[in-house]
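Each ligand, and each atom within it, is numbered from 1 in the order the structure gives.
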Amino acid sequence: MLVGLVGAPNSGKSTFFRAATLSSAEVANYPFTTIKPNHAVGYLTTECPCRRLGVKCEPQNSGCESGIRMVPVKLLDVAGLVPDAHKGKGMGNQFLNDLTQASGLIHVLDSSGRTNSEGKPDTWDPAKTVEMLEFEIDEWLGGIVEKSYQKCEKTAQAARVPVERLMAQQLSGLGIGESDINAAMKEHKPDEHGFATSLRRASKPIIIAANKADLPDAQDRFGALKGPDTIPCSAESELALREAERHGLISYLPGSGSFDIRGEPSEKQKDALEFIKKNMLERYGSTGVQACLNRLVFEKLGMIVVYPVANINKLSDNKGRVLPDAHMVPRGTTLKDLAARVHTTMADSFIGGLDTGKKKIGADYVLRDGDVVEILFRG
Ligand SMILES: Nc1nc2c(ncn2[C@@H]2O[C@H](COP(=O)(O)OP(=O)(O)OP(=O)(O)O)[C@@H](O)[C@H]2O)c(=O)[nH]1
Ligand SMILES: [Mg+2]
């Protein structure tokens, strides 16, 4: 799973990326600081079953802090997109191509209105940047879809196969599947204007991180941006909190609405922490960074987290490690689908499973978020 961070230059993408991954990426107050994409691993947070089941877990492929499981997710920080990016302005075509592997996008938006859609200082309506970004992605995608349709249409007719199947084969490199194409076709024909927009909505859902929400101008403007997919955010605040935690000054769980001072911060550090508390945590409930990641992956992309174990009595793997692995799977995944993911070579010997109540579950059992299951194999 790869999440792409997109937005106009200077909006705070690299700051968001650093906050979410604590990796290094250059941050500066001018456009096009980032040219080459940055890759690093961040975490999604979800309730770990260890609390509910009253056990101490020993995560192997993830982490657990205070009953919160941290599930890894790859993040990609790319260069800023400007108006006419799809025509190549500001190397926009190349930057858009960097996003092809992403399953979903977080649009990091300067919601303070202090920079415009080119990342330059201005007094600006951030809603216009949202329009710009969606337009640029749609035009870029539209160009690719048009070429693909022209290539596939005749072949599909001659070979009597559905055109969407051929297009899906061609577009699979863009992370677009047949189900995405089918969903878009319900709204538009592939040669209609509007098809790319439908396809983008189906294949690359976007959450808007209304960033720089710590600034007073943003607080005035947020009302106008409000929407189900918009989350007030302060990447800079999250970065400061995670750095303070790393240096032992505070205890803070990513995504939480509070922190405790445990070290001895200087007066300046205390003021900065107080500012974050007052302007972000108390006002919005969190800095928004973790909320953007979780909302995109768990709600927009419909993923759930399940915990396969080798021994349901001990809730452990073969080495006795309790709740070792968190697997992220799409909602609707069955026990048999999971078996195939866990043991790619053993799917044929799959016979069923057991839940935490030691009850037998069958191949068609549809997994629920937080399920712990033992998969049973023959032999
Ligand atoms: N007040 C405030 N400033 C922020 C926030 N996030 C980023 N900034 C500032 O915005 C400026 C740009 O940040 P970057 O992270 O470099 O932005 P970017 O989107 O990666 O920029 P490009 O790589 O040039 O496209 C820097 O001066 C940051 O310190 C925030 O949450 N609040
Ligand atoms: Mg950057």
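A tilted orientation is assigned to the rings of Phe95 and Phe32, their planes being inclined by 30° to 60°.
Annotation: Gln60, atom CD; neighbour count of heavy atoms from other residues, nucleotides and ligands within 6.0 Å is above 12. Residue Asp364 places its CG atom among 12 or fewer non-hydrogen atoms of other residues, nucleotides or ligands, all under 6.0 Å distant.
Hydrophobic cluster membership differs between Val130 and Met132, with clusters built from Ile, Leu, Val, Met, Phe, Trp and Tyr side chains linked at under 4.5 angstrom. Taken together through direct or relayed side-chain contacts under 4.5 Å among Ile, Leu, Val, Met, Phe, Trp and Tyr, Val366 and Val305 form parts of separate hydrophobic clusters. Val163 and Leu141 fall within a single hydrophobic cluster, where Ile, Leu, Val, Met, Phe, Trp and Tyr side chains are chained together by heavy-atom contacts under 4.5 Å.
A distance below 6.0 Å separates the ring centres of His343 and Phe377.
Note on the Mg ion (ligand 2): protein N/O/S atoms under 2.8 Å are Ser14 OG, Thr34 OG1.
Considering OH of Tyr43 and CG of Leu22, their distance stands at 10.0 Å, rounded to 0.5 Å.
Ion pairing between Arg242 and Glu238 holds under the 4.0 Å rule for side-chain N and carboxylate O.
Annotation: ligand 1 has protein neighbours Pro9, Asn10, Ser11, Gly12, Lys13, Ser14, Thr15, Val27, Ala28, Asn29, Tyr30, Pro31, Phe32, Thr33, Thr34, Gly80, Asn211, Lys212, Asp214, Leu215, Ser234, Ala235, Glu236, each with a heavy atom less than 4.0 angstrom from the ligand.
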